[in-house]
Amino acid sequence: MNKMKSHMDDTLSDIIISSELKENILNSTVNKPSKNHHFSAKRAVCLLAAIILIFSTVTTAFASVNPTANNIVYSVNPQLAQFLYPINKTCEKQGIRLTVLEAINDDRNIIAYFTLEDTEGKGRVNERLDLCDSYGVDGPTVYNVSFESYDEKTGKALYCMTANGSKKMSGKMNSFKINTLMSNKKIYNYFNTDFDLSIVKTNPQTAPMSDYESYSNNVFDTILLPDTMDIAITDFVSVSNIGFIDGRLHIQTKWKKSFDNHGWFALSEKGKSFSEENTVSYEMQYIHTEEDKKASGNNYFVKHIEYAFDISPEDLEKYELWANLTEDGEFIEDEWKVDFRLAKSDRLELTDNLENIAEKVEISNIGLYIEKYQGNPEDCTVSVKMKDNSVFNISTFTNNESENYSNTEWSLSTVLGSYIDINEISSVTMNGKIIYEQ
């Protein structure tokens, strides 16, 4: 399909002409007699289309010649910025303005850049603003939003969202939404807790980890018995037990109900400035007691975290307990929503030379999709070689579980984060086998 025609079709379909404008055009043409000319309905339709074209061309031209949005994105991703198409649509609620700047998509994936700013000057938007995992676009099931930059002069925070796991997104209207923001999180950078380590017991009360739940992999078989003490570190985290298990110092902490209060603890050598080189290595385990589970809900959680430090009782007196903590800030809830049309996209479909590997491989400008992959998804590797001899090596994929066909056939996809001109692909190698060569 002609790309210019496709672009014009998309642009025209988004333009709304008021009934008054339509009536004025018709009254000035079809409905108005002319002394010198016969003005047909066909010509009126052509004039209407021309006016629409003028409106759409002016809108597109302004977006193209205004480099502000592209300059922001170019500063963080110059390789991709030149291929993004402009959106520049905004939504403002409670003095927070969302602007979707630019995007690029294929049939299954989307990369979009957007900014947030506080138009009321209350300082709610900065590099610590938390989007609370409340963002998304229609269709995809896997999202990632990365903070890119914050401009103190403009008060704008720039983010990049990647999303995959959808189908037939190309050319469709889409909605980008955010529902919850958290501003002004309180960050307590590493500080000396002044905790009295002399109270540590060599034979503390313990419990099997199997008696409790965790939303992380089990690191320990045996943990400290929860809540045998309550020694505050701050007003939202306390030490709930401490002692040696199997030659390592275990420190168990209890965290009060929150959306995302979190942090880390460290044992640092006395008399030296704090640095990673002067700290003791450790492992950590999240723990949910029955009381934690009962108190959690509506995106708020109570938890215990247990740390195990590689240090002996004899060396403990040489160290101090330090902490690095983050506390919830202020929540802003609303619906920030921006609608825009996704671009048409091209893709290279490969079905040959895939025996005993997969049924189909699709490569687009920004993503790769593998249908019915046979084998261990973690062992899948794809190399895309370009005509200029540059190579894209891909070894990390999202396992689209909703599309899995069996325990031995998988649906895999990935967003590249950069741009591939599929017309410039020289060859594609999958698991060491050439599956496409031009």
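Here the structure is a predicted model, which means the values were calculated and not measured. Keep in mind that the numbers below use all heavy atoms, side chains included, and drop hydrogens, waters and symmetry copies. Just so you know, residue 1 is the first one in the sequence shown, and it goes up from there.
Residues that satisfy the salt bridge (Lys or Arg N to Asp or Glu O under 4.0 Å) test with Lys185, not counting sequence neighbours, are Asp130. Every residue meeting the salt bridge (Lys or Arg N to Asp or Glu O under 4.0 Å) condition with Glu355, not counting sequence neighbours, appears here in chain and number order: Lys433. Listed by chain and number, the residues in a ring-ring contact (aromatic ring centres under 6.0 Å, His included) with Phe147 are Tyr159 (sequence neighbours excluded). For Ser418, the side chain to side chain donor-acceptor pair (under 3.5 Å) test picks out no residue, with sequence neighbours left out. Residues forming a ring-ring contact (aromatic ring centres under 6.0 Å, His included) with His250 (at least two apart in sequence, or on another chain): Phe220. Contacts of Glu213 classified as salt bridge (Lys or Arg N to Asp or Glu O under 4.0 Å), with partners at least two apart in sequence or in another chain: Lys293. Residues passing the ring-ring contact (aromatic ring centres under 6.0 Å, His included) test with Phe191: none are found, sequence neighbours excluded. For Tyr319, the side chain to side chain donor-acceptor pair (under 3.5 Å) criterion is met by no residue, not counting sequence neighbours. Among residues two or more places apart in sequence or in another chain, the side chain to side chain donor-acceptor pair (under 3.5 Å) test is passed with Arg128 by none. Residues passing the salt bridge (Lys or Arg N to Asp or Glu O under 4.0 Å) test with Asp118, sequence neighbours excluded: Arg124. For Glu276, the side chain to side chain donor-acceptor pair (under 3.5 Å) criterion is met by no residue, not counting sequence neighbours.
Pairs passing the ring pair (Phe, Tyr, Trp, His ring centres under 6.0 Å) check and including a residue from residues 264-283, sequence neighbours excluded, read Tyr190-Phe274, His262-Trp264, Phe265-Tyr307, Phe274-Trp322, Tyr282-Tyr307, Tyr282-Phe309.
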